[in-house]
Amino acid sequence: MKLIAKSIILSLLLHIVLVISFVGYGLWQTWSYKPDLYNNQNVTILQQEVAFGYTVSPMFFIITFVVSTLSFVFIIKLSNLIKLKLI
């Protein structure tokens, strides 16, 4: 049970860092965007609506959570086996 709890905590931390990095990168792109309005002579060709980014299916996060949890279980078990053989 300890092994699965450690793996779930590591997976949660990984996904928190992932979400924070996505949001941070999106904020940086938004804040650093400067439209080039002065070089366009014909203003009527400009779009009326602007959309940045893309959407990700919630299944993406569920699948990556399960896969990363299983990966951390494998990594922790492997590191425990290596520690036992080295001692």
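Side chains are part of it too, since the values below use all heavy atoms of this structure and drop only hydrogens, waters and symmetry mates. For reference, positions follow the sequence shown, starting with 1.
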| query | Does CD1 in Ile4 sit with more than 12 non-hydrogen atoms of other residues, nucleotides or ligands closer than 6.0 Å? | reply | no
| request: Could you tell me the separation between the CZ atom of Phe61 and the NE2 atom of His15, rounded to the nearest 0.5 Å? | output: 7.0 Å
| said: Rounded to the nearest 0.5 Å, what separates atom OG in Ser32 from atom CG in Leu27? | reply: 10.5 Å
| Side chain of Ser11, backbone of Phe65: donor and acceptor closer than 3.5 Å? | yes
| About how many Å separate NZ of Lys6 and CD1 of Ile9, when rounded to the nearest 0.5 Å? | 9.5 Å
| request: Indicate the atoms forming the closest heavy-atom contact of Ser21 with Leu18, along with that distance. | output: OG-O, 2.7 Å
| How many angstroms lie between OG1 in Thr69 and CG in Leu10, if you round to the nearest 0.5 Å? | 9.0 Å
| query | Does the side chain to side chain contact (heavy atoms under 4.5 Å, CB included) test come out yes or no for Leu14 and Thr64, once each step is laid out? | reply | CA-CA 10 Å; Leu14 178 72; Thr64 58; over 6 Å; no
| Cut-off 3.5 Å, side chains only: do Tyr33 and Gln29 have a donor facing an acceptor? | no
| Set of residues satisfying side chain to side chain contact (heavy atoms under 4.5 Å, CB included) with respect to Ile16, sequence neighbours excluded | Ile20
| Given a cutoff of under 4.5 Å between side-chain heavy atoms of I, L, V, M, F, W and Y, with clusters grown through shared members, what are the other residues clustered with Leu70? | Val66
| message | Are Val19 and Phe60 linked, directly or through intermediate hydrophobic residues, by side-chain heavy-atom contacts shorter than 4.5 Å (ILVMFWY only)? | response | yes
| So how far is it from Leu12 CG to Ile8 CD1, rounded to the nearest 0.5 Å? | 7.5 Å
